[in-house]
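Predicted model, so just to flag it, every value in this text is computed and none were measured. Naming convention: chains lettered A, B, ... in sequence-line order (proteins, then strands); numbering from 1 in each chain.
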2 protein chains.
Amino acid sequence: MSITDDAWCTTTPKRHLSGDDHGSALKSVGTALDVLECFAVDTELGVSDIARRLGVAKSTAHRLLTTLVTRGFIEQDHHTGLYRLGLHLFELGQLVQARNEMRHVALPVLRHVHQATGHTVNFGVPDGPDVVFVERLHNRDGLRILSHWGRRLPSHTTSSGKVIAAFNAEAYAARVASGFPPRVTGTVRTHADWERVVSQARHQGYAVSHSESFEGTTSVAVPVLYRKLAVASVSVFGPSESIDPDVERLVPLLTAASRRVSKSLGA
Amino acid sequence: MSITDDAWCTTTPKRHLSGDDHGSALKSVGTALDVLECFAVDTELGVSDIARRLGVAKSTAHRLLTTLVTRGFIEQDHHTGLYRLGLHLFELGQLVQARNEMRHVALPVLRHVHQATGHTVNFGVPDGPDVVFVERLHNRDGLRILSHWGRRLPSHTTSSGKVIAAFNAEAYAARVASGFPPRVTGTVRTHADWERVVSQARHQGYAVSHSESFEGTTSVAVPVLYRKLAVASVSVFGPSESIDPDVERLVPLLTAASRRVSKSLGA
DNA sequence: CCATGCGTTCCACTGAACGGAACACGATGG
DNA sequence: CCATCGTGTTCCGTTCAGTGGAACGCATGG
């Protein structure tokens with residue numbers, strides 16, 4: 001499979017935030033997707049719950065749900081009558097992961113870092129103002145902390161997000177546009193904070209986060225560059241007491257790994 | 001987290017096949033989901049491709065795509081203009097996997113089987129006439145064979161499907177209703193074949209497949225029972241030459257594993 | 001240099017998606 | 001034990017939102 005010229009930074013970021021649908025949006029399709037979004041928050045919901053949440057009639061919610069059920073995007077528990085996300089979403093999601101070229105080329109490198117350090121290793125890609133972790137190799141600590149968490153985190157609360165923003169103006173700007181909602185004990189709360197930590201990451205070539213997404217954890221991230229542009233990040237993550245003493249050793253290891261991935265991207 | 005009385009067999013199977021929408025289907029939502037389905041077949045498609053495939057106007061396809069793009073379900077390559085599945089689907093899919101209770105209780109057992117045998121281990125659940133593999137622990141062989149394949153396989157071409165149908169009348173019937181499309185050198189082509197292999201699996205307590213889904217591979221599966229009903233399967237998989245000599249040893253190992261999972265389900 | 005393909009935009013028509021009301025069921029509790 | 005409240009589900013008339021077709025700007029290539 002041949003890699004096209006610049007295949008690593010070519011996806012158009014979605015706008016999504018706030019209801020400025022500007023005309024070219026299908027209403028029923030939009031609310032159908034909103035239904036799915038409801039289940040990103042709660043695992044199980046009833047027709048009435050969703051109707052309330054979306055501000056539509058119960059009949060409308062029911063109609064949306066049944067169409068989603070017939071396509072396998074949602075399944076209904078036929079004891080409780082409640083609805084939840086369906087297996088078909090899992091299938092499609094797996095397709096997305098399997099087709100991610102960058103993840104493929106990075107995987108062997110990630111495995112090496114994982115074995116060399118024993119830490120949880122993450123591979124994140126920028127998506128608007130967030131980072132989505134498309135691969136995770138976790139040890140027991142990571143499993144304990146992350147297993148029930150989603151794959152998307154705001155860039156200003158992760159070392160990966162900061163280091164990507166440091167070498168990717170679009171990602172930087174997207175986070176600015178979305179503001180800096182505080183998370184646990186997040187250090188970044190203002191545009192000035194953001195500028196500071198990002199430029200520090202730019203000079204260092206890596207970023208560290210202490211308890212910014214999860215209390216008591218530390219992560220260290222380096223960017224994966226493609227033509228001077230950050231298209232991904234490699235990071236390790238874990239309880240602060242196991243990561244902090246290692247940072248000095250981890251940074252060069254991660255940097256080498258990142259460079260290997262960058263090379264494989266063909267830049 | 002408490003497990004409700006019969007939480008393991010309570011999802012309503014979707015109907016999906018053939019256009020008998022019987023009235024309660026949202027047309028635009030339906031075609032939007034059809035758009036996503038297009039990308040289950042091809043990784044990248046243009047507006048015109050999709051319009052042709054769905055038999056709608058180009059403008060309609062474009063409108064559907066843009067709404068899906070704004071929600072992150074699809075992304076557009078802004079060099080080629082082509083569309084592909086978006087990261088948000090990956091996120092939702094991961095949620096589905098993470099919330100699958102059965103997978104959670106099975107995981108440690110699967111890991112044990114994986115280490116004890118060195119083979120690729122699959123954990124499949126019935127979904128209508130198919131089996132969806134919600135967890136895979138692969139060795140190098142499995143990675144080579146499966147890495148680019150989806151997670152859903154028709155039940156009559158897999159040991160997992162056969163052994164689930166053997167102890168799950170609903171899954172059995174769903175496959176009958178969907179017919180027996182041939183795959184590689186599939187042995188099951190008629191209702192009679194199906195009845196034969198399934199009843200054999202029922203008597204043996206396990207099922208074996210030779211080159212039924214993938215040429216030159218063998219898989220061995222046992223059911224995970226919950227109150228005498230198959231709610232999942234544990235299977236090992238690999239090149240025939242590495243699996244076949246081991247079958248005698250694998251069956252009791254898998255059976256023991258399956259029983260441990262069943263116990264954990266609370267039946 | 002025109003012909004053909006693409007992705008995108010606009011607009012008038014109409015059928016499809018909406019909300020409200022009524023339904024059947026089960027769980028509560030007076 | 002009946003009344004009340006909640007659920008998920010069904011039906012139907014109104015109207016608005018989704019449709020297809022035509023036109024656009026831009027590439028490609030014969």
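- Atom CG in A:L26 sits about 11 Å away from atom P in C:dC18, given to the nearest Å.
- A side chain to side chain contact (heavy atoms under 4.5 Å, CB included) with B:S155 holds for exactly one of B:D127, B:V131, B:V188; it is B:V131.
- Under 4.0 angstrom from either OP1 or OP2 of D:dT9 there lies at least one side-chain N or O belonging to A:Y83.
- Closest contact between the side chain of A:S59 and the listed nucleotides C:dG20, D:dG18, C:dC10 involves C:dG20.
- An OP1 or OP2 oxygen of D:dT19 is reached within less than 4.0 angstrom by a side-chain nitrogen or oxygen of B:R63.
- Summarising the geometry, the separation between CG on B:L45 and P on C:dG7 is reported as 10 Å, rounded to the nearest angstrom.
- Remark: B:D34 engages A:R71 in a salt bridge, criterion side-chain N to carboxylate O under 4.0 Å.
- Atom NZ of A:K27 and atom C1' of D:dC16 are 8 Å apart (whole Å).
- A:E44 is linked by a salt bridge (Lys or Arg N to Asp or Glu O under 4.0 Å) to A:R84, counting only residues two or more places apart in sequence or in another chain.
- Of the residues near DNA chain D, B:A61 and A:T80, the one whose nearest nucleotide (by heavy atom distance) lies more toward the 5' end is A:T80.
- With sequence neighbours left out, the side chain to side chain contact (heavy atoms under 4.5 Å, CB included) criterion links B:A207 to B:S159, B:K162, B:V163, B:A201.
- Under a 4.0 Å N-O distance rule, the pair B:E91/A:R151 does not qualify as a salt bridge.
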Taking N or O atoms only and anything under 3.5 Å, show me the protein contacts with nucleotides 2-6 of chain C, one pair per line.
unit_1: C:dC6; atom_1: OP1; unit_2: B:R52; atom_2: NH2; d: 3.2

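- Between A:W194 and A:F180, the ring planes lie tilted relative to each other; the angle falls in the 30° to 60° range.
- Between A:S28 and the phosphate of D:dG18, there is a side-chain N or O to OP1/OP2 separation shorter than 4.0 Å.
- Distance CG (A:L65) to P (C:dC18): 12 Å, rounded to an integer number of Å.
- Across the protein-nucleic acid pair, B:D77 atom CG and C:dG7 atom P stand 12 Å apart, rounded to whole Å.
- In terms of phosphate contacts, A:Q76 brings no side-chain nitrogen or oxygen within less than 4.0 Å of OP1 or OP2 of D:dT7.
- Under 4.0 angstrom from either OP1 or OP2 of C:dT8 there lies at least one side-chain N or O belonging to B:H62.
- Using a cut-off of 4.0 Å between Lys/Arg side-chain N and Asp/Glu carboxylate O, B:D130 and B:R175 are scored as salt-bridged.
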